[in-house]
Protein chains: 2
Amino acid sequence: MPGHPRTPSAKARRPAPFALPYTTVDVVLFTIREGALHALLARRPRTPGEPYPGLWALPGGFVDVDRDEDLLACARRKLSGKTGVRSAYFEQLGGWGGRRRDPRGWSSTHVYIALAASDGLELRSGGNAEEVAWFAVGEGGQRGRLAFDHAAILAAAIERLRAKVEYTSLPAFLLAEPFTLPQLQRAYEIILGRALDKSSFRTRMLDAGFLAEAGSIDGEGNRPAMGYRIRDRDAPAIFPRTFRAREDSSP
Amino acid sequence: MPGHPRTPSAKARRPAPFALPYTTVDVVLFTIREGALHALLARRPRTPGEPYPGLWALPGGFVDVDRDEDLLACARRKLSGKTGVRSAYFEQLGGWGGRRRDPRGWSSTHVYIALAASDGLELRSGGNAEEVAWFAVGEGGQRGRLAFDHAAILAAAIERLRAKVEYTSLPAFLLAEPFTLPQLQRAYEIILGRALDKSSFRTRMLDAGFLAEAGSIDGEGNRPAMGYRIRDRDAPAIFPRTFRAREDSSP
DNA sequence: TTAATAGTGTCTATGAGACAGTATCAA
DNA sequence: TTGATACTGTCTCATAGACACTATTAA
């Protein structure tokens, strides 16, 4: 976790009369690139004393008691250090904590899911020149090992995203505005891994009322489509049904 | 946070080269009592140095690096110290952390929602003789002040519960087994604050397949009802629709 | 028989999915 | 005109809600 605070202490703070766990914040940033769902990973430094040197991990690290006002501010700081994200949607995924997840001792992490468009994103390799890269979220098993318990965290993030895509407008936060309804439908289909009906998709999105028209967008040699923006970027819309309400009722 | 570790240190553990936040775990235990949703609260000790003396707070406290294997184990320990819960359903609610939420310094908490039947529950006042009590979850504003940011956490827990009740089998975890479908429906109606149709409720619950028959249960001077148990106590069932798919479409 | 609650059947409205058809652009 | 994509209409089917009806117990 490069860039974590090295200041020996902070202000006049009495040390606790008992051992404290480490507190970290990690971020799973999703985007859509090249027709596939991707997550951002950062390579662990090879500095002596750092665990899992050279392995890929989620961007994140220790809470800085002096710089971070709260958990969300910490998450934003961790992410903006790796990439110039302008406005991402943040949502808490959960907490992981225990004796064994970090070789340095008992630690707990607060994990955020972040969603952003990949268009204008530039990956910065930060001051410590760590490597940062997008990894396609495959269907089956993950690519190589990840540091700490980050493979489990990433899997949980993917599971949560897939589940919520069934009944929320989350994929809209993965697109650059303004976007068209066919683009949005493609985002849904990429994450769900299955095709959706065009007609019902459109009525569903428009009836939910979370989109605002933003002028038409020219296609390439075809009919232009209406562009849309998200009305409220702070919260996704929630649909009253999941997509596949239909079940295979085989006798 | 009574009962938190007072051991000066733990094993041979190097102190961190930077200031660490405090790490706590808090639990929002819900139950149904006297026809209303209740949450468990514990009174803060009046020991000198403890913040918010005498105020009500969520049961919880510092992670004990020596005793707690992970976050969930810590949550179970915090809860079983206050009440003899046999088997409660646990689910992570989220994390709260920041500079100002605890006057002692930067702290973060991992909050769990727990659901249990109130029938056999006996509230223990623990070794420190702290007071523990059920509080009805009112519709409007909360009762008195709560310690820390626990009023906001409790509000978030209620909001999460109300939201998930629309499309999950969570209320079943608030009942003692075996329970009947009318009892389950009453639990739903109490949390949702509105009546549900009997017929559609029954088909919905039975079709979801999360219930197992457990013999009939005699009523008092009326027709006995079928008793049910939860098939899988580790995870709730998820329905493909919310209850109120119907919207008021006034022109 | 009555009271009380458990459980079922029947009708209707809603909306998702299937899919055919129309609209609008460039070349 | 063709090709390509955007968008709409029409049909069907599943199911939630409304509500009337039947079932089973004790007194």
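The sequence lines fix the lettering, A, B, ..., with proteins before strands; numbering per chain opens at 1.
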Check every atom of [options] against the side chain of [X] and return the nucleotide holding the closest atom.
{"X": "B:Ala225", "options": "D:dA18, C:dG7, D:dT24", "result": "C:dG7"}
{"X": "B:Arg186", "options": "C:dG15, C:dT24, C:dA6", "result": "C:dA6"}
{"X": "A:Thr203", "options": "C:dA16, C:dC25, D:dC19", "result": "C:dA16"}
{"X": "A:Arg204", "options": "C:dT24, C:dA16, D:dA4", "result": "C:dA16"}

Between [N] ([atom2]) and [X] ([atom1]): distance, integer Å:
{"X": "B:Phe201", "N": "C:dA6", "atom1": "CZ", "atom2": "P", "value": "12 Å"}
{"X": "B:Met226", "N": "C:dT8", "atom1": "CE", "atom2": "C1'", "value": "15 Å"}
{"X": "B:Arg202", "N": "C:dT10", "atom1": "CZ", "atom2": "C1'", "value": "17 Å"}
{"X": "B:Lys198", "N": "C:dT10", "atom1": "NZ", "atom2": "P", "value": "16 Å"}
{"X": "A:Asp197", "N": "D:dA6", "atom1": "CG", "atom2": "C1'", "value": "14 Å"}
{"X": "B:Leu206", "N": "D:dT15", "atom1": "CG", "atom2": "P", "value": "14 Å"}
{"X": "B:Asp218", "N": "C:dT5", "atom1": "CG", "atom2": "P", "value": "15 Å"}
{"X": "A:Glu220", "N": "D:dG3", "atom1": "CD", "atom2": "C1'", "value": "14 Å"}

Begin from the C-alpha positions of B:Ser118 and B:His38 and carry the test side-chain hydrogen bond (donor to acceptor under 3.5 Å, both in side chains) through to its verdict. CA-CA 9 Å; B:Ser118 64; B:His38 285 69; over 6 Å; no

Angle class for the A:Phe90/A:Tyr112 ring planes (parallel below 30°, perpendicular above 60°, tilted otherwise)? perpendicular

With hydrogens left out and only the distance checked, is there a donor-acceptor pair under 3.5 Å joining A:Arg223's side chain and the base of C:dA23? yes

For B:Ser199, answer base if it contacts any base atom (sugar-phosphate contacts may also be present), sugar-phosphate if it contacts only those atoms, and nothing otherwise; contact means non-hydrogen atoms under 4.0 Å. base

Flag the pair A:Phe179 / A:Tyr228 as yes when their ring centroid distance falls below 6.0 Å, and as no otherwise. no

Would you please indicate yes or no on a ring centroid separation below 6.0 angstrom for B:Tyr167 and A:Tyr167? yes

When the nearest nucleotide of DNA chain C is assigned to A:Leu196 and to A:Gly221 on a heavy-atom basis, which residue is associated with the more 5' position? A:Leu196

For DNA chain C, whose closest nucleotide is more 5', that of A:Asp207 or that of B:Leu181? B:Leu181

Any A:Leu40 side-chain heavy atom under 4.5 Å of A:Leu58 side chain: no

Please confirm whether the shortest side-chain N or O distance from A:Ser200 to OP1 or OP2 of C:dG17 is below 4.0 Å. yes

